[in-house]
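Quick caveat, the model's predicted, so the values are computed rather than measured. A, B, ... follow the sequence lines: proteins, then strands. Residue 1 opens every chain.
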Amino acid sequence: MQLIRSEPEKVKDAMAAKGETDVDLDQLLSWDVDWRETLQELEQLRAERNTASKEIGRRKAAGEPADELIQRMKQVSQKVGALEETTRHLEQKIEDALLRIPNIPHPDVPLGASEDDNVEVKRWGTPRSFGFDARPHWELGPELGIIDFERAARVAGSRFTILRRAGAHLSRALINFMLDLHIEEHGYEEVYPPYLVNRESMLGAGQLPKFEDDAFLVGKQDYFMIPTAEVPVTNMYRSEIIPAANLPYKFVSYTACFRAEAGAAGRDTRGMIRQHQFDKVELVMYTIPEHSYAALEKMLGHAEVVLQRLELPYRCLIMCTGDMGFAQAKKYDLELWMPSYDGFVEISSVSNFEDFQARRANLRFRRDREAKPEFLHTLNGSGVAVGRTVAAIIENYQEKDGSITIPQALRPYMRGQARISI
RNA sequence: GGAGAGGUGGUCGAGUCUGGCUAAAGGCGCGGCACUCGAAAUGCCGAGUUCUCGCAAGAGAACCGUGGGUUCGAAUCCCACCCUCUCCGCCA
């Protein structure tokens, strides 16, 4: 709010860059003025009431009459009540508007309206030339008996997958491989959080109020199924004040993720690219503000190592203002080469949220004992999405006879198995 | 699910019956100072958060799990909800 008061133009520019039109800033500013005016009046009346109440207490103790003062305070209290009502009303409107204002993009981020304006910053590996007709994972998987789409549809519906035998094993191997890599080589702490979270956590991570339709809401308890481990993990320290000496926190978390994919009807309907449920190994960091951009580059590197060890060709994009999302200040996407798409498919996105989530979730740190609490910065990145990696391995490592070679790095996690065949 | 107990500051813990003098005793922990060659022990002093007004010094308001209510006035009384603990039942 302070930023909006002092630099409304900057916020307006940011909203324009992200294509957000939800909030009328001038309206918001005028509510703010009203709020401060009524608040002043309210506080003055409360102060009056407080002193009078003390006086009443004193008089009663001394046996002096206080009826006339009490009568007067009745009036004052009534006014206080009315003013409290109006401030509360204004606060709610202001709060609601504030929650719908997007994060301000970092100055480095390219301006743009859509994914066409994203900038490719890196390409690693070369897509293999097969020398035969490469086939999609949604054919190879069922043929090998390692993916079962039909029965998944029977059991749950569309956009669900059943992995079987070597498919399930491959997925489990990937999870363990990624976790071990980030824990042992990159120094992350492993976290296994709840899959159901309360509304406050969704708000804190910036999923609400804007993206309520994308989440699954469970039961009458107001539990949301997590769309990513980012939600529980960035909320772990909600409303705590962390000593700066403890930072950065680096967490790696494997969870299933659940998404309604409400806006994606008809897209990626074949295969296991876009699912209501998928597995993901997620990286989350809490840093002090000066360190967050260096941490972003490091985290991006950590995600890249996964793909490099698996020897899967990928590219890295920096997302433009219009495509990067509501809560992020700067975001990279990693995209894997997917033969069936004859193109790249997102496998990881690594973002700096600066203090956007920290403000919502009230995540603070203290530089030293005397210092005032400040908001810290949060980052997260996929390290990486498991289901899509399974699909990419099947497609990129397929052989002419329809079998799948298992990447070297995964074999220790597959009891040495080198090939999946019928 | 049944029965009971409880949620107070960094932490432990009083205060709640009997509403006002309570930002809230006391202990521990923390910071500073004194004593000491240094340390321990001891003594003294100091530390909450958010918001509003103000250039500032400062003034004021709110906060005792959350939200309502009663009252001139609520940590304290009433209602609802959330959470924790103990016992019983059920359960992977």
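Remark: B:C35 base-pairs with no nucleotide in the shown strands. Criterion, Watson-Crick or G-U wobble with two distances under 3.5 Å. Using Watson-Crick or G-U wobble geometry with both donor-acceptor distances under 3.5 Å, B:U71 finds no partner in any strand shown. Of all nucleotides present, only B:G4 satisfies the Watson-Crick or G-U wobble test against B:C85, with each distance under 3.5 Å. Applying the Watson-Crick and G-U wobble criteria (two distances, each under 3.5 Å), B:G46 pairs with B:C30. Base pairing of B:G19: no nucleotide in any strand meets the Watson-Crick or G-U wobble criterion (both distances under 3.5 Å). The base-pairing partner of B:A59, taking Watson-Crick or G-U wobble contacts with both distances under 3.5 Å, is B:U52. Pairing of B:A40, defined by two Watson-Crick or G-U wobble distances under 3.5 Å, is not identified with any nucleotide.
One interatomic measurement links the two molecules: CD of A:Q40 to C1' of B:C53, which rounds to 5 Å at whole-angstrom precision. The distance between atom CD of A:E91 and atom P of B:A61, rounded to the nearest whole Å, is 17 Å. Taking atom CD1 of residue A:I70 and atom P of nucleotide B:G20, one finds them 15 Å apart after rounding to whole Å. Atoms CG (A:D67) and C1' (B:U71) sit 15 Å apart, rounded to a whole Å. A:E240 has its CD atom 14 Å from the P atom of B:G9, to the nearest Å. In this structure, CZ of A:R58 is placed 16 Å from C1' of B:G73, rounded to the nearest angstrom. Computed from coordinates, the A:L90 CG to B:U52 P distance equals 14 Å when rounded to whole Å. Computed from coordinates, the A:R46 CZ to B:U71 P distance equals 18 Å when rounded to whole Å.
Nucleotides B:G19 and B:A5 place their C1' atoms 25 Å apart, quoted to the nearest Å. Between the P atoms of B:C12 and B:U70, the separation comes to 35 Å (whole Å). The same atom, C1', is picked in B:U84 and in B:U8; the two are 15 Å apart, to the nearest Å. Atom C1' of B:G67 sits at a distance of 15 Å from the matching atom of B:A74, rounded to the whole Å. Between B:C45 and B:C51, the two C1' atoms lie 30 Å apart (nearest whole Å). The gap from the C1' atom of B:G6 to that of B:C90 amounts to 25 Å, rounded to the nearest Å. Taking atom C1' on both nucleotides, B:G60 is separated from B:A23 by 15 Å, rounded to a whole Å. Rounded to a whole angstrom, the distance from the P atom of B:U66 to that of B:U76 is 11 Å.
Residue A:R36 has a polar side-chain atom (N or O) positioned under 4.0 Å from OP1 or OP2 of B:C53. Put simply, A:N50 has a side-chain N or O that comes within less than 4.0 Å of OP1 or OP2 on B:A62. For B:U50, the OP1/OP2 oxygens have a side-chain nitrogen or oxygen of A:K372 closer than 4.0 Å. Applying the 4.0 Å criterion to OP1 and OP2 of B:G73, one finds that A:S77 has a side-chain N or O inside that range.
Heavy atoms of A:K74 sit under 4.0 angstrom from primed sugar atoms or phosphate atoms, though from no base atom. Across all strands shown, A:A52 has no heavy atoms under 4.0 Å from either base or sugar-phosphate atoms. The residue A:R59 sits apart from the nucleic acid: no heavy atom pair falls under 4.0 Å. As judged by a 4.0 angstrom heavy-atom cut-off over every strand, A:L39 is placed among residues touching the sugar-phosphate backbone only. Using a 4.0 Å heavy-atom cutoff across all strands shown, A:R49 reaches sugar-phosphate atoms only and no base atom. A:R5 comes within 4.0 angstrom of the backbone, heavy atoms only, and of no base.
Heavy atoms from other residues, nucleotides or ligands lying under 6.0 Å from CZ of A:R367 number more than 12. Crowding of A:E290 atom CD: a count of heavy atoms from other residues, nucleotides or ligands under 6.0 Å exceeding 12. In this structure, A:R58 places its CZ atom where more than 12 heavy-atom neighbours from other residues, nucleotides or ligands lie under 6.0 Å away.
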Apply side-chain contact (heavy atoms from CB on, under 4.5 Å) to A:I94 and A:L28, showing your working.
CA-CA 6 Å; A:I94 291 168; A:L28 173 58; 3.9 Å; yes
Can you check side-chain contact (heavy atoms from CB on, under 4.5 Å) on A:L300 and A:C316, steps first, answer last?
CA-CA 9 Å; A:L300 177 64; A:C316 176; 4.0 Å; yes
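Ion pairing between a basic and an acidic side chain is recognised when a charged N comes within 4.0 Å of a carboxylate O; A:D13 and A:K10 show no such pairing.
In summary, the aromatic rings of A:F216 and A:H276 are positioned with their centroids under 6.0 Å apart.
In this structure, A:P373 and A:A47 both approach RNA chain B, and ranking their closest nucleotides by distance from the 5' end singles out A:P373. Between A:W35 and A:G57, the one whose closest nucleotide on RNA chain B sits nearer the 5' end is A:G57.
Residues A:Y286 and A:L379 form no side-chain contact, since every pair of their non-hydrogen atoms from C-beta on lies 4.5 Å or further apart.
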